[in-house]
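Heads up, the thing below is written out as structure tokens.
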Amino acid sequence: MNVYKEWLQNNGVKFEEEEFGLVFRYQGSNFIIFNPKNDELFFQLVMPGIYEVQPGEKMKVLEIANTLTRDVKCLKVVVQDGGSVWLMTEIFIDKTPDIDDFMERLLDILHEGRYHFYSKMQ
């Protein structure tokens, strides 16, 4: 987790360290870098709670989630059990990752994913 903390600090991003990972705001959005306790080479960046599924729209939300997960590289759109929509990127990294090589791109993927989700919900 230290390499992620360093990237956040170097880019002027304030964060909180929780048991499950790092929580931060970036360009107006909330994010979590989950702590991969059993797999140091697994990197998961999440944009939680972008949408709350309303009664009668679950099928539409699931169809949009499936479409975006299929069509956008590295993007997963997940509907949590309580009906909250989360976006995530998951990649495998090496033991000494250069975070600058991928962090901005993954953050952009999540921002764009949220935009596409909202536009398809209209």
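All heavy atoms count here, side chains included; hydrogens, waters and symmetry mates do not.
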Measure the [atom1]-[atom2] distance between [X] and [Y] for me, rounded to the nearest 0.5 Å.
X	Y	atom1	atom2	answer
Thr67	His116	OG1	NE2	12.5 Å
Asn2	Gln9	CG	CD	9.0 Å
Ile99	Glu104	CD1	CD	12.0 Å
Met103	Asn10	CE	CG	11.5 Å
Ile64	Met59	CD1	CE	12.0 Å
Arg105	Lys73	CZ	NZ	6.0 Å

Going through the checks in order, is the side-chain contact (heavy atoms from CB on, under 4.5 Å) test met by Gln27 and Leu107? CA-CA 9 Å; Gln27 295 182 351; Leu107 289 162; over 6 Å; no
Are any side-chain N or O atoms of [X] and backbone N or O atoms of [Y], one a donor and one an acceptor, separated by less than 3.5 Å?
X	Y	value
Thr69	Lys76	no
Ser84	Gln80	no
Gln122	Ser119	no

Val79/Leu62 under side-chain contact (heavy atoms from CB on, under 4.5 Å): CA gap, chis, key distance, verdict: CA-CA 7 Å; Val79 180; Leu62 290 172; 3.8 Å; yes
Using a 4.5 Å cut-off on heavy atoms from C-beta on, say whether the side chain of [Y] contacts that of [X].
X	Y	result
Leu22	Ile32	no
Glu19	Lys37	yes
Arg114	Ser29	yes
Phe24	Ile33	yes
Val23	Asn30	no
Tyr118	Ile50	yes

ILVMFWY network linking [X] to [Y], side-chain heavy atoms under 4.5 angstrom:
X	Y	result
Ile93	Leu106	yes
Leu8	Ile91	yes
Val61	Leu68	yes
Met47	Trp7	yes
Trp86	Ile109	no

Checking side-chain contact (heavy atoms from CB on, under 4.5 Å) for the pair Val85/Val77: CA distance, chi angles, key distance, verdict? CA-CA 7 Å; Val85 178; Val77 182; 3.8 Å; yes
In terms of heavy-atom contacts, does [atom1] of [X] have more than 12 from other residues, nucleotides or ligands at under 6.0 Å?
X	atom1	answer
Glu52	CD	yes
Lys5	NZ	yes
Glu16	CD	no

Could you list the residues that satisfy side chain to side chain contact (heavy atoms under 4.5 Å, CB included) with Phe92, not counting sequence neighbours? Asp39, Phe42
[X] versus [Y], closest heavy-atom pair with distance:
X	Y	result
Gly113	Leu75	CA-CD2, 3.9 Å
Met88	Leu110	N-CD2, 3.6 Å
Arg25	Val13	O-CG1, 3.5 Å

Under the side-chain contact (heavy atoms from CB on, under 4.5 Å) rule, what do Lys60 and Lys120 come out as? Steps first, then yes or no, please. CA-CA 9 Å; Lys60 180 179 181 179; Lys120 290 180 182 301; over 6 Å; no
Please list, chain by chain and in numerical order, all residues satisfying ring-ring contact (aromatic ring centres under 6.0 Å, His included) with Phe43, sequence neighbours excluded. Tyr4, Phe102
Measure up the Phe31 and Tyr26 rings against each other and bin them: parallel (under 30°), tilted (30 to 60°), perpendicular (over 60°). perpendicular
